[in-house]
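Accompanying notes for the structure given below.
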Amino acid sequence: MSNKDKSGDKPWSGRFNEPVTDLVKKFTASVTFDQRLAEFDIDGSLAHARMLQAVGILAQADLEAIEKGLAQIREEIRGGTFTWSLDLEDVHLNIERRLTDLAGDAGKRLHTARSRNDQVATDVRLYLRASIDHVLTLTKSLQRALLDLAEKHTETVMPGFTHLQVAQPVSFAHHLMAYFEMLSRDAQRFAECRKRVNKLPLGAAALAGTSFPIDRQMVAKELGFDGLCENSLDAVSDRDFAIEFCAHAALQMTHLSRFCEELILWMNPRFNFIDIADRFCTGSSIMPQKKNPDVAELIRGKTGRVNGHLVALLTLMKAQPLAYNKDNQEDKEPLFDTVDTLMMSLAVFTEMLDGINVNKEAMRTAALQGYATATDLADYLVKKGVPFREAHEAVAQAVRYAEERGCDLADLKLEDLKRFSPLIAKDVFEALTLEGSMNSRSHIGGTAPARVKTAIAKARKSL
Ligand code: ARG
């Protein structure tokens, strides 16, 4: 029995006396989940092989055999006929073995000047680059849906809240546009992160580089990387680019979650501000009257798992000595699930926005009930020369007076209002209306409908 037969049929088993146990095989394999890197692995291998040929390490005939073999493997994977084997550990060894079956010695030459360590780092970066582009597209779609809704509601008044208590009247479109801003920053963060993701690790080999005269620039160009990882040890070991992505994803999910929380509140009959179309809600198996905003609740819930993935990756990295450690195999599932969860959440949110019906009357009634224009009365007095703190006190008294009578400030008679300041005149009622209040906040960033329209137009252009 040769050594190889004793130790199992792995590309690295030459130095071993016995194969791994079945449990260890299962425990150490990643092929069940890193299969998803397959096409990126093929792209990387093609670029590597072409470079090896260009610098004279690989014969033209071998390159052709490799190209042909990898093309067939790609077809097999796409067609679902490729046989994945747990014995071959991971996506890289599975593809390499199949290539050797198809291309013979040429397949065996592919791994010259390369290690799985720089290979996997390259694959993950290619995967993440594509994922970021997808996330950016989905974010834009969501932003467009937001603008579509906002455009219809620049004049719709709702109570703006602080501490979830009625604060001041705002345009519903203005409220929606707050989320547009958050999403714009999310997109900026992903675009920034993409620059750091888009660097080529290949050439680092196992950790120290390679003794072959490789051309890393050529590989980078072929794979669309903007530059090279400049230190071989760093190239194979750090996953900060994935952590960074997960941090940005957690933040974007947090934004979506806040929005969902509001939709859920607004759909509650106590608010009754909106209705979410039935196709985004589910019922209860026991309470026939129920209509639950499950989609919004699930996005809010999934934010927790994305936050968890971020912590998992940070924890994975924190005590690793340089350079590559098998720990890093654990980067994939959290990263993949983060990408999947974020993409699904963005897509379903975009659809759901289209199914939101706004109850303008309920919003207006709520704005009228909470003394939302009290600040406007204070500002009115200040404009007549009263110091702000004094005006604040006078209005507080007026609110208390109205509260005792169960009415709004605007419902009080002029004589009643005058008790709180002799400077109050007939023109006060303009300041006390919801529209008057909104229209007066017409500076950049304010809620005046005319200003919000400008903001929407600007936002449209930015997309
Ligand atoms: N499946 C491995 C991973 O995901 C590939 C790299 C393996 N490298 C090694 N030296 N065992 O990290």
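We count ligands from 1, going down the list as the structure has it; atoms in each ligand are counted the same way.
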**Report entry** Protein heavy atom at shortest distance from atom 6 (C) of ligand 1
**Finding:** Y324 OH, 3.4 Å
Query raised in the report: Got the closest protein heavy atom to atom 10 (N) of ligand 1, with its distance?
Result: N117 OD1, 3.1 Å
Query raised in the report: How far is atom 4 (O) of ligand 1 from its nearest protein heavy atom, and which residue and atom is that?
Result: K332 NZ, 2.6 Å
Requested in this report: Below 4.0 angstrom from a heavy atom of S30, which ligand 1 atoms are there? Numbered from 1 as shown, please.
Outcome: 1 (N)
Query raised in the report: Heavy-atom distance under 4.5 Å between the side chains of Q252 and H248, does that happen here?
Result: no
Query raised in the report: Is the number of heavy atoms from other residues, nucleotides or ligands within 6.0 Å of CG (D226) greater than 12?
Result: yes
Query - Over 12 non-hydrogen atoms of neighbours within 6.0 angstrom of NZ in K140 - result: no
Query raised in the report: Which residue supplies the protein heavy atom nearest to atom 11 (N) of ligand 1, what is that atom called, and how far is it?
Result: R116 NH2, 3.7 Å
Query - Residue-ligand contact Q119/ligand 1, heavy atom below 4.0 Å - result: no
**Report entry** Protein contact of atom 1 (N) of ligand 1 - nearest heavy atom, named by residue and atom, plus distance
**Finding:** Q329 OE1, 2.8 Å
Query raised in the report: Which of the numbered atoms in ligand 1 are below 4.0 angstrom from a heavy atom of D90?
Result: 1 (N), 2 (C), 5 (C)
Query raised in the report: How about K291: does its NZ atom have over 12 heavy atoms from other parts shown lying under 6.0 Å from it?
Result: yes
Report task. Take the angle between the ring planes of Y127 and F336 and call it parallel below 30°, perpendicular above 60°, tilted in between. Result -> perpendicular
Query raised in the report: Is the closest basic N to carboxylate O distance between K332 and D34 below 4.0 Å?
Result: no
